[in-house]
Amino acid sequence: MELVKGINSYMTLEEANSIVSDTFYEDEDEAKTWNSLSDNDKTKLIYRSTKVINTLIFLGIQYPSDGELRWPRMICSQYVDCPDDVKIAILLQGIKNKQNSTKDESKLQELGVKSYSIKGASISFDNSSTLKLSNGIYSSVYDTYLSRWVY
């Protein structure tokens, strides 16, 4: 699969690498996860996350209206290309999915489990960073990066 900016992605792989480098410290889990991926896996992450984020109803009107992607848009009679916030959200959504895909406790958190116990041992979760909305977008990603661009 190839990323084509404006066709199936809002960014190139090079742009995504730059965004991660500019947004996250090297020692943050998000940067570590991103940097551990092959270019092929990064491409898949961007493509999949773009499809999820692209389901939102963004402000304004899609312009031009015949594309598969929801950006660029006309907002208050101004042409607006895909904002950096949306690009960061796409990357962060994918990174969080990758981080949580192999953790059983993350799967429980996504389901809203706050705590459980077995034979006298118990564990509690802070679900704030792993809670997903009904559309599959992490609530922290939506609240921080997307909410201002969505109706």
Side-chain angles (χ1 to χ4, degrees), residues 1-113 125-151:
M1 166 187 317
E2 181 182 349
L3 291 179
V4 182
K5 187 174 180 175
I7 302 297
N8 65 0
S9 175
Y10 294 115
M11 67 195 101
T12 64
L13 183 55
E14 293 75 24
E15 187 178 0
N17 284 326
S18 179
I19 291 169
V20 169
S21 176
D22 291 346
T23 304
F24 303 104
Y25 294 109
E26 283 184 32
D27 61 348
E28 285 185 286
D29 288 342
E30 293 82 2
K32 288 179 182 179
T33 299
W34 179 261
N35 292 326
S36 73
L37 298 174
S38 68
D39 284 354
N40 188 41
D41 283 345
K42 289 177 182 178
T43 298
K44 289 176 191 172
L45 179 149
I46 294 167
Y47 179 77
R48 288 179 182 178
S49 296
T50 298
K51 288 183 77 85
V52 171
I53 302 289
N54 210 43
T55 62
L56 294 172
I57 306 300
F58 292 104
L59 297 174
I61 301 167
Q62 183 177 342
Y63 184 82
S65 61
D66 60 348
E68 298 230 359
L69 298 177
R70 300 215 184 245
W71 292 91
R73 302 187 73 74
M74 293 298 287
I75 301 175
C76 297
S77 300
Q78 290 189 334
Y79 177 86
V80 180
D81 202 359
C82 184
D84 287 343
D85 283 348
V86 174
K87 293 176 184 178
I88 293 169
I90 288 167
L91 295 171
L92 195 51
Q93 175 74 23
I95 290 167
K96 284 180 168 288
N97 274 339
K98 186 67 176 164
Q99 289 171 332
N100 294 332
S101 66
T102 58
K103 298 179 187 175
D104 288 337
E105 60 270 11
S106 295
K107 292 175 185 171
L108 290 172
Q109 285 177 284
E110 286 179 15
L111 294 171
V113 173
F125 302 115
D126 171 15
N127 289 347
S128 61
S129 65
T130 58
L131 185 63
K132 283 187 177 180
L133 304 173
S134 61
N135 56 10
I137 298 172
Y138 288 95
S139 62
S140 60
V141 172
Y142 181 85
D143 292 343
T144 304
Y145 296 101
L146 296 170
S147 61
R148 68 178 281 213
W149 298 104
V150 177
Y151 281 112

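Numbers here are sequence positions counted from 1. When reading the values below, keep in mind they use all heavy atoms of this one structure, side chains included, and skip hydrogens, waters and symmetry mates. Please read these numbers as outputs of a predicted model, since none were measured by experiment.
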Problem set entry | Side chains of Ser21 and Glu26 in contact at under 4.5 Å (non-hydrogen atoms) | no

Exercise. So, do Val86 and Tyr145 sit near enough that their side-chain heavy atoms are less than 4.5 Å apart?
Worked result: no

Problem set entry | Residues which pass side-chain contact (heavy atoms from CB on, under 4.5 Å) with Tyr63, listed by chain and number, not counting sequence neighbours | Met74, Tyr79

Exercise. Is a side-chain donor or acceptor of Asn54 paired with a backbone partner of Thr50 at a separation under 3.5 angstrom?
Worked result: no

For this session: Might you point out which heavy atoms bring Asn8 and Val4 nearest each other, and give the distance in Å?
Result: OD1-N, 2.7 Å

Exercise. Can you find a heavy atom in the side chain of Ser9 that is under 4.5 Å from one in the side chain of Tyr47?
Worked result: no

For this session: Look only at the side chain of Ser65 and the backbone of Gln62, and say whether a donor-acceptor pair between them is shorter than 3.5 Å.
Result: no

For this session: Would you check if Lys98 and Leu37 make a side-chain contact, meaning some heavy-atom pair closer than 4.5 Å?
Result: yes

Exercise. Passes side-chain hydrogen bond (donor to acceptor under 3.5 Å, both in side chains), Asn97 versus Tyr138? Steps please.
Worked result: CA-CA 9 Å; Asn97 274 339; Tyr138 288 95; 3.0 Å; yes

Exercise. Is the backbone N or O of Val52 less than 3.5 Å from a side-chain atom of Thr55, with the two atoms forming a donor-acceptor pair by type?
Worked result: yes

Exercise. Going through the distances and angles, do Leu91 and Val20 end up as a side-chain contact (heavy atoms from CB on, under 4.5 Å)?
Worked result: CA-CA 8 Å; Leu91 295 171; Val20 169; 4.0 Å; yes

Exercise. Looking only at heavy atoms, which two atoms of Leu59 and Ile75 are closest? And how far apart?
Worked result: O-CG1, 3.7 Å

Exercise. Just how far is it from atom CG of Leu131 to atom OG of Ser139, taken to the nearest 0.5 Å?
Worked result: 4.0 Å

Exercise. Got a second to check how far Ile46's CD1 is from Met1's CE, nearest 0.5 Å?
Worked result: 11.0 Å

Exercise. Is there any salt bridge (Lys or Arg N to Asp or Glu O under 4.0 Å) pair reaching into residues 142-151, and which pairs are they, with sequence neighbours excluded?
Worked result: Asp85-Arg148

Exercise. Phe24 versus Leu92: any side-chain heavy-atom pair under 4.5 Å?
Worked result: yes

Seminar exercise, completed: All heavy atoms of Ala89 vs all of Ile53, minimum pair found to be O-CD1, 4.4 Å

For this session: Please check if the side chain of Tyr151 supplies one atom and the backbone of Gly60 the other of a donor-acceptor pair under 3.5 Å.
Result: yes

For this session: Using a 4.5 Å cut-off on heavy atoms from C-beta on, say whether the side chain of Lys132 contacts that of Ile137.
Result: no

Seminar exercise, completed: So salt bridge (Lys or Arg N to Asp or Glu O under 4.0 Å) across residues 54-63, not counting sequence neighbours, yields none

For this session: Please answer whether the main-chain N or O of Tyr25 pairs with a side-chain N or O of Glu28 as donor and acceptor at a distance below 3.5 Å.
Result: yes

For this session: For Phe58, check ring pair (Phe, Tyr, Trp, His ring centres under 6.0 Å) against everything at least two apart and list the hits.
Result: Trp71

Tell me which donor-acceptor pairs under 3.5 Å the side chains of residues 11-19 have, and how far apart each pair is, sequence neighbours excluded?
residue: Thr12; atom: OG1; partner: Glu15; partner atom: N; Å: 3.0
residue: Glu15; atom: OE1; partner: Lys5; partner atom: NZ; Å: 3.0
residue: Glu15; atom: OE2; partner: Lys87; partner atom: NZ; Å: 2.6
residue: Asn17; atom: OD1; partner: Trp34; partner atom: NE1; Å: 2.8
residue: Asn17; atom: OD1; partner: Lys42; partner atom: NZ; Å: 3.1
residue: Asn17; atom: ND2; partner: Leu13; partner atom: O; Å: 3.4

Exercise. Is there side-chain contact between Leu45 and Ile95, with at least one heavy-atom pair below 4.5 Å?
Worked result: yes

Exercise. Restricting to pairs with a member in residues 56-82, which pass salt bridge (Lys or Arg N to Asp or Glu O under 4.0 Å), not counting sequence neighbours?
Worked result: none

Problem set entry | Donor-acceptor contact present, side-chain Glu2 to main-chain Thr43, <3.5 Å | no

